[in-house]
Amino acid sequence: MKNSEYILYLNSLHNYNAQNQNAYGEKNVESPFFNDIVVKVGLCDFIYERLSGNQPHIIILTGHAGDGKTSTMYQVIKDLGIIFNTTEKISDITLPTGKICRCIKDFSELADEEKIDVLREVVELPNQDKFVFMVANTGPLINTYGELFESDEDKERARIALIDAMDKNAGKINNIMGHKICVINVATVDNTYFATEFLDKLVQEKLWNKCHDCEKRGYCHILKNRNLIVKNKKHVFEFINMHYVWLTEHGKRLTIRSMTEQLAYMITGGENCQEVVKKEEYKYLFSNLFFGYIGTVANLKAMSIVAVYEAQKCNYDLRRLRSDESLLVNHDFDELFGKEVSEILKESEKKNVYVKGWTEFLRRTYMFLNIITDEKIMANDSEDIFSKQFKRYLELRNGETTPSKLDANLISDALSMVYIGTTNNEQQIPLTLSRESGITQNVQLITGTILTRQLKVVQEVTKDSLFNKNRKRNVLKLEINKQVLDCELSLPMLDYFEELKNGVIATNIDPQLSHGVESLKAQLSKEMDDVDDDTIEIIILKNNGNKDVCLEITDNKKIREV
Amino acid sequence: MNIFPQEMEDSNEYNRIIKSETISSMIFGNRFRADQTMYEYLIEFLLVFTSAKDDNLQTGKMQFHKTGKDKRLSYWVEPRMGLRRFIFYDKARKNGSIKADEKAYQEMIRILLDKMEGISEEDGREYLESIQDLLHGYAVVIRKRAWCAQALLPICPELILCEAMPNERGRMKLDWNNNQENIDTEFNFDKRNFLSRGGELYYLHLLQGLEDNEKKRKKLEFLLNDLVGIQCKKISRLASFIQDSWEKELHLHKDKLVKKLSLSFIPSQGYVECEENSIDELISYLSCKLHPINRIDILAKGVILQIMRMMSCCVSNYLGVERKKWIVDMRGSSKDTVKKIAADAYRSIEDDFMTALNRMAREAGIKETDIMKRVREAKRDSLDIFRSKGKELQCIIPASGPFERFSLSEDVIRFLVLSLIAPQEKMTLNMFLGKLYENYGIVVGPDEYRKSLDDESTIETSLANSFSENVIYFQNFLKATGFLRELSDATSIVVNPYTSILEEADE
């Protein structure tokens with residue numbers, strides 16, 4: 001129990017036992033372990049540069065609770081070489097340039113009346129050649145800012161302008177109602193990279209060497225988990241990263257606090273050194289804890305950790321894998337896993353092979369701890385656990401590769417399904433004026449065409465790199481005839497397109513998707529419709545293929561086929 | 001009773017209605033009727049807007065009426081029976097087919113076949129069938145109606161059809177060989193069974209609001225033009241080619257085919273409270289660059305929603321009480337307090353309707369023995385429409401059973417967002433909830449609920465929590481439909497993501 005202090009600290013990062021005092025930035029910075037495990041975010045450098053400049057303005061750091069705003073503030077101030085009193089809500093510091101900067105630790109914590117007074121004073125400071133650096137939750141900030149103005153109209157205008165700046169999050173100094181404000185909304189910046197960097201720090205040797213002398217080391221699940229993570233680092237990190245990206249892309253972005261909670265919990269299982277006793281090894285494997293399981297059974301108590309709850313909801317372990325045969329049928333544990341894990345599995349299988357949940361347990365272990373290096377199998381696993389397009393999407397998102405013709409083909413096939421209900425074998429996709437409800441239209445008017453060769457998927461760099469210099473993230477967009485459409489091709493959309501292409505027609509699609517497809521259609525009809533064309537082109541949908549008919553009404557009122 | 005347009009006051013029709021003691025018309029204007037389907041409100045409104053406003057058959061097309069000319073407001077419609085026959089006749093259910101129509105239909109096909117140049121007869125027939133299928137694909141009201149009374153989605157002026165009821169006795173007598181010129185006129189065009197003036201009331205409501213606002217009138221005219229005049233030009237061209245060919249071959253004269261219809265009246269004060277909102281919302285919605293078909297589909301629902309608000313306004317105006325709020329339950333099947341409060345609130349709206357109908361019955365001096373019957377009729381043509389259309393929009397739930405209350409469905413929310421937030425604009429969720437409350441009296445969250453109480457007192461925490469949960473459901477719904485972005489945990493913004501047609505036009 002030599003390392004109990006650190007383990008205690010790890011357990012204070014999550015709320016499994018309702019003791020998460022260090023989950024909060026302002027407390028955490030005071031911990032002796034903070035410096036060892038802190039992940040320096042690129043945003044610090046961005047703010048550092050701003051504060052080192054000559055143009056005094058107000059920097060507002062806003063975003064979700066638990067997104068690391070307070071930690072970022074402390075880090076920046078530390079980088080500036082200033083000792084900061086963490087108990088003061090508001091304090092003035094002198095920057096290396098000699099300029100004064102007012103720091104407001106948490107604007108939202110101030111009493112309502114105080115907020116207005118503080119903000120009223122703050123907005124004037126840049127005129128006195130002073131900087132302001134404040135952390136604020138979005139809601140109170142927007143409301144209070146409006147209150148600075150007299151008329152209802154001005155109040156509304158001010159709020160909208162501030163909201164607009166937050167939404168755009170361009171990292172620029174905005175002139176909002178005459179005030180120089182740079183709003184940084186942490187919530188819109190990708191934070192998935194944080195998880196692996198943080199985990200790497202958690203398991204670093206320095207923090208664990210005390211364990212080597214511990215009398216419980218032979219059976220301690222905490223140490224075992226840490227060692228397994230270190231030994232299988234590459235694969236574990238890759239899976240964790242993919243999982244967080246998957247969640248983000250499906251509209252469930254986790255905050256830094258949530259990820260911290262889950263990762264700390266996954267190592268300790270919420271137990272302190274004193275509580276560690278000899279038990280069946282498979283139960284407390286981190287691959288179980290990550291998803292809120294103990295062995296084969298779901299642990300309801302762990303659902304209080306948001307990220308664990310979300311991970312369990314993903315149901316990865318219920319999905320059939322192409323590797324199931326070697327994992328579940330042939331029991332090739334020695335080939336699939338390292339020796340240590342294989343031993344654990346063999347031992348526990350004796351008792352549990354017919355227990356409900358065993359299959360899922362094996363899959364969870366496989367996801368985190370397999371040692372397969374065959375690229376084909378790895379690619380299959382990613383397809384089976386996540387989705388067919390996921391790996392490709394990740395590569396494009398991270399800028400590891402550029403979009404190819406194949407990506408464009410996926411879109412053209414899907415669009416063709418959307419518009420005329422069959423995949424596309426032609427050089428062009430007809431855009432039709434069809435209804436989505438009511439009588440099925442087996443004849444449709446063509447309002448425009450997209451030539452498939454003009455269709456391209458392009459990458460667009462997000463603003464992440466602005467705040468995080470070394471990180472580039474892309475979003476995918478559709479380009480038609482050298483014109484980029486203002487509609488993001490999200491991962492769920494690509495997966496939906498893949499299904500469409502394969503003829504899976506979901507009648508009840510997610511509204512988010514239907515909105516995505518609809519806005520794509522609106523954009524397409526805006527860009528591609530040729531209303532000026534005099535011909536009437538219709539497409540007749542038949543069982544044995546579609547027939548395209550192009551008719552023209554001549555000046556002498558006759559119909560001619562074109 | 002003061003009415004709009006004032007010129008109506010001396011008309012025979014007005015006197016007839018007053019004499020006939022039609023309670024619902026005396027409150028809501030002439031008139032709402034239960035048989036009008038959802039799409040027909042929009043069709044009728046657009047029919048008035050797109051039709052000529054003068055007997056020269058040209059003036060006033062695609063414009064609102066100019067009021068104050070000291071004469072009744074009329075519009076001249078083209079029934080386009082040839083086109084309708086071409087689209088609907090073959091596919092419609094026929095009760096003892098009328099020979100003349102069968103002949104006319106065959107003749108229509110022959111005429112169009114003759115128009116084909118360099119196309120074999122076999123191909124020609126196939127193409128004609130395809131064109132029929134294409135146009136029939138836009139049908140919105142088929143039901144069990146005769147071919148001439150079916151209706152199409154109003155995507156272009158040619159497809160906006162006036163009402164035509166089969167006049168069976170007259171049509172049986174028609175002799176195709178000797179009297180072709182009456183083939184398209186032997187219908188009843190002014191029965192007002194299906195286009196029974198509900199859309200006209202909506203038109204008059206807007207017209208009243210536009211009276212002194214030239215700028216908004218121009219804007220709205222431009223946008224309505226874009227809606228029906230620009231987006232589906234090809235369909236428009238095709239439809240007018242078919243009708244023109246028919247008229248030309250049969251030597252039918254437009255001025256004999258055209259029918260004059262006249263607008264009726266609305267109570268001059270009844271809808272004033274919401275007229276500005278109706279206009280502004282319509283302008284905002286129509287400015288959004290949506291897919292043309294979706295744009296009309298959702299508009300049809302939006303118009304009904306606005307009409308429901310009009311009715312609600314009118315009742316409270318007549319009773320001289322404040323308009324009751326619409327407390328919406330976003331959670332559907334919950335057994336929660338919000339459900340009960342929402343159901344109570346809905347019931348009190350229905351009570352107001354009934355009080356108004358009863359009071360009007362007394363004021364109009366209807367005989368005691370007739371009152372029950374008259375009120376029942378009036379209920380059918382007002383409250384029952386309010387309820388059944390609300391249910392059709394799924395903004396009154398459940399479809400059947402007790403605890404009727406307000407809710408919001410996907411398309412209604414879509415209309416609300418696009419009509420309350422201008423294209424490319426955004427606002428916080430709280431601001432949006434405030435806007436829903438202001439414009440529609442819709443209550444979703446605890447703040448609005450508190451405001452809706454007479455004394456604005458604070459509400460119990462548990463009750464506030466229930467309403468907060470209601471907001472969370474609403475928020476998730478908005479998020480799922482793609483209109484909501486979360487800025488942070490406490491703040492989300494509602495966004496109208498579409499580009500603006502008006503701005504594009506300015507460029």
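Naming convention: chains lettered A, B, ... in sequence-line order (proteins, then strands); numbering from 1 in each chain.
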Could you tell me which portion of A:Asn556 (side chain, backbone, both or neither) has an atom closer than 4.5 angstrom to a non-hydrogen atom of chain B?
side chain
Looking at A:Phe149, I want to see if its CZ is surrounded by more than 12 non-hydrogen atoms of other residues, nucleotides or ligands under 6.0 Å.
yes
Top residue by heavy-atom pair count (under 4.5 Å) with chain A, among B:Asp133, B:Ile296, B:Leu134?
B:Leu134
Reported CD-to-CD distance for the pair A:Glu561 and B:Glu117, which is rounded to 0.5 angstrom:
12.5 Å
Listed by number, the residues in residues 152-160 of chain A that come under 4.5 Å of chain B (heavy atom to heavy atom) are A:Glu156, A:Arg159, A:Ile160
Test log, rule side chain to side chain contact (heavy atoms under 4.5 Å, CB included), inputs B:Phe241 and A:Ile559
CA-CA 10 Å; B:Phe241 168 76; A:Ile559 302 182; 3.4 Å; yes
Select one option (side chain, backbone, both, neither) describing which atoms of B:Thr428 are under 4.5 Å from chain A's heavy atoms.
both
When only pairs under 4.5 Å are counted, which of A:Val186, A:Asp164, A:Thr62 shares the most heavy-atom pairs with chain B?
A:Asp164
Is A:Leu141 in contact with chain B via its backbone, its side chain, both, or neither, using a 4.5 Å heavy-atom distance?
neither
Assess whether atom NZ of B:Lys91 is packed by more than 12 heavy atoms of other residues, nucleotides or ligands within 6.0 Å.
yes
Note: B:Lys426 and A:Asp167 closest approach over all heavy atoms is NZ-OD2, 2.8 Å
Region of B:Ile119 in contact with chain A, defined by heavy-atom distances below 4.5 Å
side chain
So B:Met116 and A:Arg560, side chain to side chain contact (heavy atoms under 4.5 Å, CB included) or not? Walk me through it.
CA-CA 6 Å; B:Met116 304 265 177; A:Arg560 239 191 334 232; over 6 Å; no
Here the gap from A:Ile536 atom CD1 to B:Ile131 atom CD1, rounded to the nearest 0.5 Å, amounts to 7.0 Å
Looking at CZ of B:Arg485 and CD1 of A:Ile163, how far apart are the two atoms once the value is rounded to the nearest 0.5 Å?
11.5 Å
Working note: B:Glu129 + A:Val443, criterion side chain to side chain contact (heavy atoms under 4.5 Å, CB included); need CA distance, chi angles, decisive distance, verdict.
CA-CA 9 Å; B:Glu129 253 175 54; A:Val443 180; over 6 Å; no
Atom pair NE2/CG of B:His291 and A:Leu520 - distance to nearest 0.5 Å
11.0 Å
Go through the atoms of A:Lys69 and report whether side chain, backbone, both or neither lie under 4.5 Å from a heavy atom of chain B.
neither
I need the minimum non-hydrogen distance between B:Ser130 and A:Ile540, along with the two atoms involved.
OG-CD1, 3.1 Å
Heavy-atom contact with chain A under 4.5 Å, split by part of B:Asp244:
neither
Between A:Glu537 and B:Lys234, is a salt bridge (Lys or Arg N to Asp or Glu O under 4.0 Å) present by the stated rule, with each step listed?
CA-CA 9 Å; A:Glu537 198 179 349; B:Lys234 289 187 179 185; over 6 Å; no
What distance do B:Asn294 atom CG and A:Lys521 atom NZ have between them, rounded to the nearest 0.5 Å?
6.5 Å
Exercise: identify the closest heavy-atom pair between B:Tyr138 and A:Leu433:
OH-O, 2.6 Å
Hey, does A:Lys547 have a side-chain heavy atom less than 4.5 Å from the side chain of B:Glu126?
yes
CD1 (A:Ile538) and CD1 (B:Ile235) are apart, to the nearest 0.5 Å, by 9.5 Å
